[in-house]
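Written out below as structure tokens is the structure these notes cover.
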Amino acid sequence: MTLETLSPTDPFWERHRGLYPALGRYTYLNNAAIQPLPAPVAEALHEFIRAASEDDPDALYRPDVPSRLRATYARWLGCEAKDLALTTSTSDGLIKAVNAVRWREGDEILIPQNEFPSVVYPFKMARMHGARILFAGEPGRPVTEEDLLAAVTPKTRAAAFSWVSFSTGYKLDLSTLSRALKERGVELVFVDGMQGAGVWPPRLAQSAVDFFAFQAVKWIAGPNGAGALYVRPDLWSDLDNPCLSWYSVPCCDDYSLLMDTQLEPFSSARRWDGGTPPWIPMVGVQAYLDLLEPAGPEGVAARAVHVMALLAQRLESAGIGTLVPLSSSSASSIALLELPDAASMHQRLKDAGILTSLRMGRIRVSPHVYNGAEDFDRLVAVLTGSGSACEIS
Ligand SMILES: Cc1ncc(COP(=O)(O)O)c(C=O)c1O
């Protein structure tokens, strides 16, 4: 067995679960909102701050942190480090991407219905140049690859979508969809990867995706603020950079160049980096991804599939359906339960110490690699009325 193919039932996962102190207090099924911090991540953050406070203020200056994180993110995303700009949020990445394009009068931008607003608002800027935003699919229903492809017109210049929908849990097939869009003449594909990165390997270099933005905090533990933007390398020279900063040019690495006002931007996606990086969230995220290194991206995805199969078994035997069937290849780690009176059930789950979200009138269950059968037994016991409530400590 290689490290890349760590089995989804390897004892590694039980040990990993033991690293989350909060799991002693809650049944946590709410990763699409936020991921609890494992203790080693909290320790790495404490140590970083302690060293700067007690040992040496220079401990706050850590250029090795962003360069290591860029390389680690590249491995998880299936691209090269030079293809990534470091950002502070998904929105930061998408805003940079949208503003890098020279939009033209009449360009159409296709976006699915039910999108998270991070995908919608950055594109409104393109309207200043005469572009139009069009929505595909039906409100309240999963928007599929077919829905998006059917909505392409000869004027569709760009498509922008969440890889995994926060509101339906539908996971679009990045590789197939991005290629099919290009075959239909769509020039640019923008992806919000926030609800997928850290669980599923997007294998960006093998896709036809042009921009992919995400940050940690949901499926990648760490304080928020450490994101990245992938920019497809053959686009770099055609794009504008309205966000040029001193971190876009080599003087940020070589202070002897600080007085040079004629520096060329990095010949990599680093040209979209923006200012001194937020070291603190980066330290946390790096510590988290280091914890998962023995599993690697493929091992994490295999574990996520296993965890969702455990959930599917429990829900099926209780006769509870999900908006996207969990047996479908478009299922993700986000399941929207089909239940009457979801709001009061959501509260009942909360009273029983089971944390989920309520989204668009449905209960959203979003387990991660540390969840297991016992969590789903507890969930289903409350959903079916056979579970006893306990108070959150
Ligand atoms: C699909 C999706 N994109 C983006 C975000 C957050 O965006 P940002 O990183 O800009 O805060 C969320 C948060 O819930 C989300 O669900």
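We count ligands from 1, going down the list as the structure has it; atoms in each ligand are counted the same way.
- K350 is listed as a side-chain neighbour of L355, based on a closest heavy-atom distance under 4.5 Å.
- Counting heavy atoms closer than 4.0 Å to ligand 1, residue S162 contributes side-chain atoms (C-beta onward) but none from N, CA, C or O.
- With salt bridges taken as basic N to acidic carboxylate O contacts below 4.0 Å, none links E43 and R50.
- Residue contacts with ligand 1, taken as heavy atom pairs separated by less than 4.0 Å, involve T90 via backbone and side-chain atoms alike.
- Looking at atom 6 (C) of ligand 1, its nearest protein heavy atom turns out to be F116 CE2, 3.8 Å.
- Remark: side-chain polar atoms of N114 are not paired, donor with acceptor, to backbone N or O of P142 under 3.5 angstrom.
- Numbered from 1 in the order shown, with element, the atoms of ligand 1 that lie under 4.0 Å from a heavy atom of S89 read 8 (P), 9 (O), 10 (O).
- Closest protein heavy atom to atom 4 (C) of ligand 1: S118 OG, 3.2 Å.
- If you check which protein heavy atom lies closest to atom 10 (O) of ligand 1, you get S91 OG, 2.5 Å.
- In terms of protein heavy atoms, atom 16 (O) of ligand 1 is closest to Q195 NE2, 3.0 Å.
- Residue D92 has no nitrogen or oxygen atom sitting less than 3.5 Å from a nitrogen or oxygen atom of ligand 1, judged on distance alone.
- A donor-acceptor pair under 3.5 Å is absent between the side-chain atoms of E108 and the main chain of R132, judged by distance alone.
- D192 OD2, 2.7 Å is the protein heavy atom nearest to atom 3 (N) of ligand 1.
- Taking each of R359, M194, K218 in turn, the one with a heavy atom nearest to atom 13 (C) of ligand 1 proves to be K218.
- Close approach of ligand 1 to Q215 (heavy-atom distance below 4.0 Å) involves ligand atoms 8 (P), 9 (O), 11 (O).
- When ring centroids are compared, Y73 and F214 come within the 6.0 Å threshold.
- Judged by distance alone, the side chain of S333 and the main-chain N or O of H368 form no donor-acceptor pair under 3.5 Å.
- Of all atoms in ligand 1, listed by their number and element, those nearer than 4.0 Å to a heavy atom of F166 are 16 (O).
- A donor-acceptor distance shorter than 3.5 angstrom exists from the side chain of W103 to the backbone of V98, with no hydrogens or angles considered.
- D147 and T144 form a side-chain donor-acceptor contact under 3.5 Å, judged by distance and modelled atom types alone.
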